[in-house]
Amino acid sequence: MTERKPRKDAARNRAAVLAAADALFVRRESPEDVTMADVAAAAGVGKGTLFRAFGDRTGLIKALYAARMEPIEQAVETGPPPLGPGTPPAQRVPAVLDALLCFKLDNRPLALALEASGGDSPYGASHYERWHALLRTMLERVPGLTDGDFAAHALLAAVRADLVEHLASREDVPRERMRARLADFAARVLGTTPAGA
């Protein structure tokens, strides 16, 4: 039996829903202010269509996050240095962290919504597990670093959406200063000198 291709209207509806959700997350003050009813109305589809396509609000947030994150994931999986797989850990770890920080700065409401939708713990979410595994694998190749697992958790804590939001909004830390602080922190964990120092 051959697998059925999605109907054209289903693909069109999915694209319309993602575009509508994207716009709503950017415009609303808080991620919690975006409801499935809001998204359905903005996309011009019924709520049933929305629930069939994404399951629930968390499924919609994950789909939107994945669509926005795809270019970074592609660069990390198959791209050139410094994000790509051929890069030594001392350069690749800070580059991956910088890419994640910039992504979360550029997508703060969506990143907050995704991390808040993780249930009891954000650490069990698939996106967290993926980045942790990547960093742990790289860190285990760093001479003198004895606990790559913990170091990966500590480095990812520095790019959590709630911390990024706190630093950007409440402490008004400029983007470039935040990036420099993260590079310095990563260099200390790696036992290297930050780029440009």
Side-chain angles (χ1 to χ4, degrees), residues 18-39 42 56-73 75-76 82-83 92-136 139 147 149-190 192-197:
L18 290 176
D22 195 14
L24 286 168
F25 276 109
V26 168
R27 284 198 314 264
R28 297 285 168 88
E29 193 168 312
S30 168
E32 289 79 33
D33 293 342
V34 179
T35 67
M36 292 292 267
D38 294 335
V39 174
D56 57 14
R57 185 174 182 274
T58 300
L60 173 61
I61 290 168
K62 286 179 179 177
L64 183 54
Y65 191 90
R68 285 194 188 174
M69 180 61 80
E70 188 175 355
I72 294 172
E73 290 180 344
V76 168
L83 289 175
R92 193 174 184 212
V93 168
V96 168
L97 290 168
D98 185 63
L100 289 173
L101 174 63
C102 290
F103 178 85
K104 290 189 179 180
L105 283 166
D106 294 339
N107 298 279
R108 284 171 22 207
L110 182 61
L112 281 168
L114 180 67
E115 289 184 10
S117 71
D120 295 338
S121 170
Y123 306 108
S126 61
H127 68 277
Y128 184 88
E129 290 174 352
R130 182 171 51 251
W131 292 115
H132 178 265
L134 174 71
L135 286 173
R136 184 189 67 235
L139 291 164
D147 193 347
D149 185 70
F150 178 77
H153 283 301
L155 289 168
L156 283 173
V159 294
R160 275 186 49 109
D162 53 358
L163 176 61
V164 170
E165 177 67 18
H166 175 78
L167 293 173
S169 294
R170 291 174 188 83
E171 293 192 12
D172 202 24
V173 177
R175 179 187 190 96
E176 292 310 311
R177 184 150 184 232
M178 211 181 300
R179 292 176 72 194
R181 285 178 170 178
L182 179 61
D184 183 60
F185 177 56
R188 289 172 192 272
V189 171
L190 292 162
T192 61
T193 304

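Counting begins at 1 with the first residue of the sequence.
Checked against side-chain hydrogen bond (donor to acceptor under 3.5 Å, both in side chains), E165 has the following partners two or more places apart in sequence or in another chain: R108, S169. Y65 meets the ring-ring contact (aromatic ring centres under 6.0 Å, His included) test with F103, H127; sequence neighbours excluded. Applying the ring-ring contact (aromatic ring centres under 6.0 Å, His included) test to H132 and every residue at least two apart in sequence or in another chain returns H153. With sequence neighbours excluded, the residues satisfying side chain to side chain contact (heavy atoms under 4.5 Å, CB included) with A37 are T35, K47. Under the salt bridge (charged side-chain N to carboxylate O under 4.0 Å, His left out) criterion, D106 pairs with R175, not counting sequence neighbours. Residues satisfying the side-chain hydrogen bond (donor to acceptor under 3.5 Å, both in side chains) test with R181, not counting sequence neighbours, are none. Checked against side-chain hydrogen bond (donor to acceptor under 3.5 Å, both in side chains), R179 has the following partners two or more places apart in sequence or in another chain: D98, E176. Remark: R28 engages L24, D33, V34, D38 in a side chain to side chain contact (heavy atoms under 4.5 Å, CB included) (not counting sequence neighbours). Taking R27 as the reference, nothing meets the salt bridge (charged side-chain N to carboxylate O under 4.0 Å, His left out) condition, with sequence neighbours excluded. Remark: D162 engages R160 in a salt bridge (charged side-chain N to carboxylate O under 4.0 Å, His left out) (not counting sequence neighbours). In this structure, E171 has no salt bridge (charged side-chain N to carboxylate O under 4.0 Å, His left out) partners at least two apart in sequence or on a different chain.
With hydrogens and angles ignored, the 3.5 Å screen pairs no side-chain donor or acceptor of N107 with any backbone N or O of L110. Side-chain atoms of K104 come within 3.5 Å of backbone N or O of V159 as a donor-acceptor pair.
Annotation for L97 and A186: closest pair CD1-CB, 3.9 Å, computed over non-hydrogen atoms. Shown here for R136 and D149, the closest heavy-atom pair between the two residues is CD-OD1, 3.6 Å.
In this structure, the separation between CG on L101 and CG on L163 is 9.0 Å, given to the nearest 0.5 Å. Put simply, NE2 on H166 and CG on D172 are 11.5 Å apart, with the number rounded to the nearest 0.5 Å.
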Evaluation steps, side chain to side chain contact (heavy atoms under 4.5 Å, CB included), between L155 and W131:
CA-CA 10 Å; L155 289 168; W131 292 115; over 6 Å; no
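In this structure the side chain of L134 reaches within 4.5 angstrom of the side chain of R92, judged on heavy atoms. L18 places a side-chain heavy atom less than 4.5 Å from the side chain of L60. Side-chain contact check for L190 versus L139: some heavy-atom pair is nearer than 4.5 Å. Residues M69 and L100 have side chains in contact (heavy-atom distance under 4.5 Å, counting atoms from C-beta outward).
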